[in-house]
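A quick write-up on the structure given underneath.
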Amino acid sequence: MKPSPLKYHRPRSIEEACQILAEVDGKVLAGGQSLIPMLSMRLAAPGNLIDITGIDGLADITASTQSGVTFAALATHASVASDRSAARTQPLLGRALQLVAHPTIRNRGTTVGSIVHADPSAEMPAVIRLLDGSVTVQSVRGRREIAAKDLFLGPLESSLETDEIAVSATVPAVRPGVGTAIDEIARRHGDYALVGVAARVSVADDEVRTAHVTYVSAGEFGEVVDFSDVIAGASISDARDPKWNALSEAARHRIETEPDIHATAAYRSQLVAALTARVVMAAAVDGASSLTTHQAALHVDSGVNQ
Ligand SMILES: Cc1cc2nc3c(=O)[nH]c(=O)nc-3n(C[C@H](O)[C@H](O)[C@H](O)COP(=O)(O)OP(=O)(O)OC[C@H]3O[C@@H](n4cnc5c(N)ncnc54)[C@H](O)[C@@H]3O)c2cc1C
């Protein structure tokens, strides 16, 4: 099939793009990796396409411990994943982007586009929500920032107004003693996940303190699930601690799953149970190692200052 008739616009500035979007019924085109198939299958039929890829200065990636990582609207998955400063500042970004699709798609698809597309089977909405990030949007009325907790209204539905363009997204920097991890099961590497799990865990004294989890293709889209009541106090170095098994069972009961042509709900629940414990454990180990690195750095600093 071909897209239904539409008018193509290629603005040269974000202001021009906002002006067009304020005047017509249109869709923003970024990497086109989701939108073009949707147009071709006529799942979307906007009267106008506003292609923002001709706008200069919209692909920057900046990273600092104070402000976290900010990636602009045209930064591709591949460029965010390979940015060393971004990887140091918030390692979960790169870990998650390795799971997004295939290299050819990551070379064109944008991370901001993936976030505002709000697909419950995509990794980056789960990541920005877990990290409590935000998206900055612009329209003819000016700019505003949308916290990730207010961004996802439902499957493929974000809280951007129809005339707003996302200009960038930001996630906070990693903190010592807080670890993150993500893993998923897909039928083939690069396919959308049957179930994916991302976790943020705080640790101290070889024990888990808090554990927050978001899900891909399971649970309520956009929700952060707090498992601290089940897993706080669990030993990080002893996987036989009964709390880890209790975490699996808690996840199985708390997280709802749906069947589709790829997997039954029962199989997805089994993946939720197994992956939740595995990913929370990996995040806990990551948190413990960040603490060790931080303490070693403080030791070196104090030695230098003596
Ligand atoms: C075969 C295949 C496999 C894939 N597998 C995965 C996967 O495993 N995991 C995954 O997460 N994704 C996957 N994707 C999707 C891919 O990651 C897309 O790149 C991403 O979802 C959308 O980014 P984009 O830049 O291509 O956006 P586009 O396709 O250009 O746009 C997508 C939607 O977001 C809107 N939009 C985009 N940018 C903006 C903006 N700046 N402001 C306002 N609205 C905007 C568009 O209007 C449109 O509604 C896959 C895609 C394909 C084709």
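Note that the structure is predicted; figures quoted are calculated from it, not measured. Note that ligands are numbered from 1 as they come in the structure, with each ligand's atoms numbered from 1 the same way. Along the sequence shown, residues are numbered consecutively beginning with 1.
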Q. Are the side chain of R268 and the backbone of V195 linked by a donor-acceptor contact shorter than 3.5 Å?
A. no

Q. Would you call R144 and E164 a salt bridge, taking side-chain N to carboxylate O under 4.0 Å as the test?
A. yes

Q.
Please report whether ligand 1 has a polar contact with G31, defined as an N or O pair separated by less than 3.5 Å (distance criterion only).
A. yes

Q: Report yes or no: do S134 and T170 form a side-chain donor-acceptor pair below 3.5 Å?
A: no

Q: Please work out whether the ring planes of F152 and F221 are parallel, tilted or perpendicular, with thresholds of 30° and 60°.
A: tilted

**Q.** Identity and separation of the nearest protein heavy atom to atom 15 (C) of ligand 1
**A.** Y192 OH, 3.2 Å

Q) Below 3.5 angstrom, do we get any N/O pair linking A122 and ligand 1? A) no

Q: Within a distance under 4.0 Å of any heavy atom of V100, pick out the atoms of ligand 1 and give their elements.
A: 9 (N), 10 (C), 11 (O), 12 (N), 17 (O)

(Q) Do the side chains of D132 and R175 get close enough for a salt bridge, i.e. N-O under 4.0 angstrom? (A) no

(Q) Minimum distance, heavy atoms only, to atom 8 (O) of ligand 1: which one of A126, S114, A101 is it? (A) A101

Q. What protein heavy atom sits nearest atom 26 (O) of ligand 1, and how far away is it?
A. Q33 N, 2.7 Å

Q. Which atoms of ligand 1 have any heavy atom of K27 under 4.0 Å away?
A. 47 (O), 49 (O)

**Q.** Contacts of type ring pair (Phe, Tyr, Trp, His ring centres under 6.0 Å), residue Y192, not counting sequence neighbours
**A.** none

Q: Say whether A30, considering both its backbone and side-chain N or O atoms, lies within less than 3.5 Å of an N or O atom on ligand 1.
A: yes

Q) For ligand 1, which atoms sit closer than 4.0 Å to a heavy atom of D191? A) 8 (O)

Q) Quick one: does G190 get within less than 4.0 Å of ligand 1, heavy atoms only? A) yes

Q) How far is atom 23 (O) of ligand 1 from its nearest protein heavy atom, and which residue and atom name does that atom have? A) T110 O, 3.4 Å

Q. At a 4.0 Å threshold, what atoms of ligand 1 neighbour a non-hydrogen atom of L35?
A. 28 (P), 29 (O), 31 (O)

(Q) Counting only heavy atoms, tell me which of A166, A169, P125 gets closest to atom 41 (N) of ligand 1. (A) A166

Q.
Is there a path of hydrophobic side-chain contacts, each under 4.5 Å between heavy atoms, that joins I52 and L35?
A. no

(Q) Taking distance alone, with N or O pairs closer than 3.5 Å, would you say A73 contacts ligand 1? (A) no

(Q) Students should be able to answer this: which protein heavy-atom is nearest to atom 1 (C) of ligand 1, and at what distance? (A) I105 CD1, 3.4 Å

Q. Taking only heavy atoms of I165, which atoms of ligand 1 are found under 4.0 Å from at least one of them?
A. 42 (N)

Q: Would you mind finding which of R108, E123, H102 brings a heavy atom closest to atom 9 (N) of ligand 1?
A: E123

Q) Taking the side chain from S168 and the backbone from T70, do they hold a donor-acceptor pair closer than 3.5 Å? A) no

(Q) Ignoring hydrogens and geometry beyond distance, is a side-chain donor-acceptor pair present between R278 and S248 at under 3.5 Å? (A) no

Q. Which of the numbered atoms in ligand 1 are below 4.0 angstrom from a heavy atom of G113?
A. 22 (C), 23 (O), 34 (O), 37 (C), 38 (N)

Q. Closest non-hydrogen protein atom to atom 47 (O) of ligand 1, residue and atom name please, with distance?
A. V28 O, 2.6 Å

(Q) For atom 32 (C) of ligand 1, what's the nearest protein heavy-atom neighbour? Residue, atom name and distance, please. (A) H117 ND1, 3.8 Å

Q.
Do Q19 and E15 pair up side chain to side chain, a donor and an acceptor below 3.5 Å, judged on atom types alone?
A. no

Q: Apply side-chain contact (heavy atoms from CB on, under 4.5 Å) to the pair L97 and E123, showing each step before the final yes or no.
A: CA-CA 8 Å; L97 285 165; E123 290 80 3; over 6 Å; no

Q) Do any N or O atoms from the side chain of T180 and from the backbone of A283 form a donor-acceptor pair under 3.5 angstrom? A) no

Q: Measure the distance from atom 21 (O) of ligand 1 to every protein heavy atom, then report the residue, atom name and distance (to 0.1 Å) of the closest one.
A: S34 OG, 2.9 Å

Q) Does some non-hydrogen atom of G32 fall short of 4.0 Å from ligand 1? A) yes

**Q.** Any T111 heavy atom less than 4.0 Å to ligand 1
**A.** no

Q. Which of the numbered atoms in ligand 1 are below 4.0 angstrom from a heavy atom of G109?
A. 19 (O), 25 (O), 26 (O)

Q) At what distance is the nearest protein heavy atom to atom 44 (N) of ligand 1, and which residue and atom is it? A) V116 CG2, 3.7 Å

(Q) Tell me whether D205 contacts the main-chain N or O of E207 through its side chain, where contact means a donor paired with an acceptor under 3.5 Å. (A) no

Q | D241 side chain vs S235 backbone, donor-acceptor pair below 3.5 Å | A | yes

Q. Just by modelled atom types, is the L21 backbone N or O under 3.5 Å from a matching donor or acceptor in the D163 side chain?
A. no

(Q) Against ligand 1, does H77 come closer than 4.0 Å with any heavy atom? (A) yes

